[in-house]
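Data first, discussion second: the structure below is written as structure tokens.
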Amino acid sequence: MRNILVRGLGVVLPPLLTILVLIWAWRTIETYVLRPTEWIVQEGLVWGAEYFDGTLSTVPEGAVPEPGGGFSTYTLLGYSKYVPDPTGRRYLPKEIVDRVNENADKFGTDAKPLVSANAYWHRYIQITWMQRKYVVPVFLIVFLTVLYFMGRLFTFRLGRWFFRGFDGAILRIPFVNKVYGSVKQVTDFAFSEREIEFNNVVAVQYPSKGIWSLGFVTGNSVRQLHDATGEEMMSVLMPTSPMPMTGFTVTVRRSDTIDIDMTVDEAIQFVVSCGVVVPPNQRVNGAPNNKPRPTGKLRDGAVILPGNPQTEHSVDPSTV
């Protein structure tokens with residue numbers, strides 16, 4: 001039962017975590033980008049509507065009085081009927097008030113109260129122009145378009161110069177430079193094109209013999225090492241887990257490496273997951289070897305390894 005549950009969890013977790021990460025990313029964009037942008041656009045539309053005779057502070061000359069304290073007059077938008085707002089000091093078009101009152105049930109208790117002409121205009125703009133079914137698609141189109149042109153801009157010399165200057169200014173600010181530098185390393189590795197061209201994936205006995213690590217071949221090393229050893233050398237980047245953007249560069253003999261049938265992306269996944277994610281073509285089939293590991297014996301403060309002739313005659317039964 002436990003094995004079945006663990007397997008089921010292994011099947012469910014990857015898509016579930018992917019969905020959760022996408023939801024978190026969208027909520028972050030919505031909170032820090034969409035809503036501030038939405039507020040700015042809405043404020044601009046309300047200001048423009050009130051500026052172009054959308055809201056009147058006084059009754060204009062020649063206005064025709066209407067029942068209920070309102071009046072009719074000609075404006076830039078044509079012949080309109082105006083009614084007083086809840087304060088009684090300003091006037092706004094009657095059609096705006098009627099439209100807002102007809103859709104009052106679409107707003108919850110946390111909506112901005114209708115206590116002024118400005119509040120009516122905000123509610124009207126939300127109903128007419130700022131509905132989420134219109135805002136979200138338009139925002140995504142504009143957001144992706146801005147990202148595209150920013151990417152195109154920073155590929156040119158002027159954009160690169162500006163970007164380097166911005167990075168330099170941020171990295172001079174204490175404490176902020178630590179956070180910004182770390183985040184930039186992660187985003188550069190995840191989203192930017194790698195400046196280092198990895199040729200292939202190899203296995204190297206690193207950091208000592210008998211310990212195999214995966215590395216990325218980056219070049220043929222330096223000529224002087226090739227001449228000194230008389231063998232073909234290669235430069236290998238040894239990534240560290242779980243952050244493969246950091247690591248060590250080593251120079252090894254080509255004969256001391258083993259070519260691994262893995263793509264660079266598969267090797268990065270292997271390193272990031274600390275060896276958990278293994279490509280299907282590299283998985284070892286069959287049951288794991290459950291034979292007990294040999295133990296050494298402690299004798300006179302020293303460990304006697306298995307296979308040592310002295311262990312056969314050892315009288316000390318303590319093991320390590």
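Not measured: the values here are computed from a predicted model. Heavy-atom basis, side chains included; hydrogens, waters and symmetry copies ignored.
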Apply the test side-chain contact (heavy atoms from CB on, under 4.5 Å) to residues Arg254 and Glu231: give CA-CA distance (whole Å), side-chain angles for both, the deciding distance (0.1 Å), then the verdict.
CA-CA 8 Å; Arg254 182 178 294 273; Glu231 296 186 35; over 6 Å; no
Quick check: is [Y] connected to [X] through a chain of hydrophobic side chains (ILVMFWY, heavy atoms under 4.5 Å apart)?
{"X": "Val115", "Y": "Val46", "result": "no"}
{"X": "Trp39", "Y": "Val138", "result": "no"}
{"X": "Val277", "Y": "Leu214", "result": "no"}
{"X": "Leu140", "Y": "Trp129", "result": "yes"}
{"X": "Val33", "Y": "Leu147", "result": "yes"}

Can you say whether the rings of Trp121 and Tyr124 are parallel (under 30°), tilted (30 to 60°) or perpendicular (over 60°)?
perpendicular
Classify the ring geometry between Phe71 and Tyr82 as parallel (under 30°), tilted (30 to 60°) or perpendicular (over 60°).
parallel
Take Phe149 and Thr145 through the side-chain contact (heavy atoms from CB on, under 4.5 Å) test and state the conclusion after the steps.
CA-CA 6 Å; Phe149 282 105; Thr145 303; 3.4 Å; yes
Check [X] against [Y] and note the closest heavy-atom contact, atom names and distance.
{"X": "Glu43", "Y": "His122", "result": "OE2-CE1, 3.0 Å"}
{"X": "Pro60", "Y": "Thr73", "result": "CG-OG1, 3.6 Å"}
{"X": "Ser213", "Y": "Met238", "result": "CB-CE, 3.4 Å"}
{"X": "Val271", "Y": "Pro239", "result": "CG2-CG, 3.9 Å"}
{"X": "Ser241", "Y": "Cys274", "result": "CB-SG, 3.9 Å"}
{"X": "Val201", "Y": "Met262", "result": "CG2-O, 3.5 Å"}

Greater than 12 external heavy atoms within 6.0 Å of Trp212's CH2
yes
Assess whether atom CD1 of Ile4 is packed by more than 12 heavy atoms of other residues, nucleotides or ligands within 6.0 Å.
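No, CD1 of Ile4 has 12 or fewer neighbouring heavy atoms, counting only those of other groups under 6.0 Å.
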Are any of the side-chain heavy atoms of [X] and [Y] separated by less than 4.5 Å?
{"X": "Arg90", "Y": "Ser57", "result": "yes"}
{"X": "Met130", "Y": "Val41", "result": "yes"}
{"X": "Val222", "Y": "Thr251", "result": "no"}
{"X": "Thr37", "Y": "Phe143", "result": "no"}

For the atom pair [atom1] ([X]) and [atom2] ([Y]), what is the distance rounded to the nearest 0.5 Å?
{"X": "Asn281", "Y": "Ile260", "atom1": "CG", "atom2": "CD1", "answer": "10.5 Å"}
{"X": "Ser80", "Y": "Glu95", "atom1": "OG", "atom2": "CD", "answer": "6.0 Å"}
{"X": "Arg253", "Y": "Thr229", "atom1": "CZ", "atom2": "OG1", "answer": "6.0 Å"}
{"X": "Arg223", "Y": "Met233", "atom1": "CZ", "atom2": "CE", "answer": "15.0 Å"}
{"X": "Leu16", "Y": "Thr18", "atom1": "CG", "atom2": "OG1", "answer": "8.5 Å"}
{"X": "Tyr120", "Y": "Leu114", "atom1": "OH", "atom2": "CG", "answer": "5.0 Å"}

Under 3.5 Å, is there a donor-acceptor pair between the side chain of [X] and the main chain of [Y]?
{"X": "Asn103", "Y": "Ile127", "result": "no"}
{"X": "Thr31", "Y": "Thr28", "result": "no"}
{"X": "Gln282", "Y": "Asp261", "result": "yes"}

Compute whether any side-chain donor of one residue and acceptor of the other, for Asp265 and Thr263, lie under 3.5 angstrom apart.
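Their side chains do not contain a donor-acceptor pair, so the 3.5 Å distance test is not met.
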Would Val252 and Tyr206 count as a side-chain contact (heavy atoms from CB on, under 4.5 Å) here? Give the steps.
CA-CA 10 Å; Val252 296; Tyr206 179 85; over 6 Å; no
Leu34 and Val135: side-chain contact (heavy atoms from CB on, under 4.5 Å), yes or no, with the steps?
CA-CA 9 Å; Leu34 175 57; Val135 170; 3.9 Å; yes
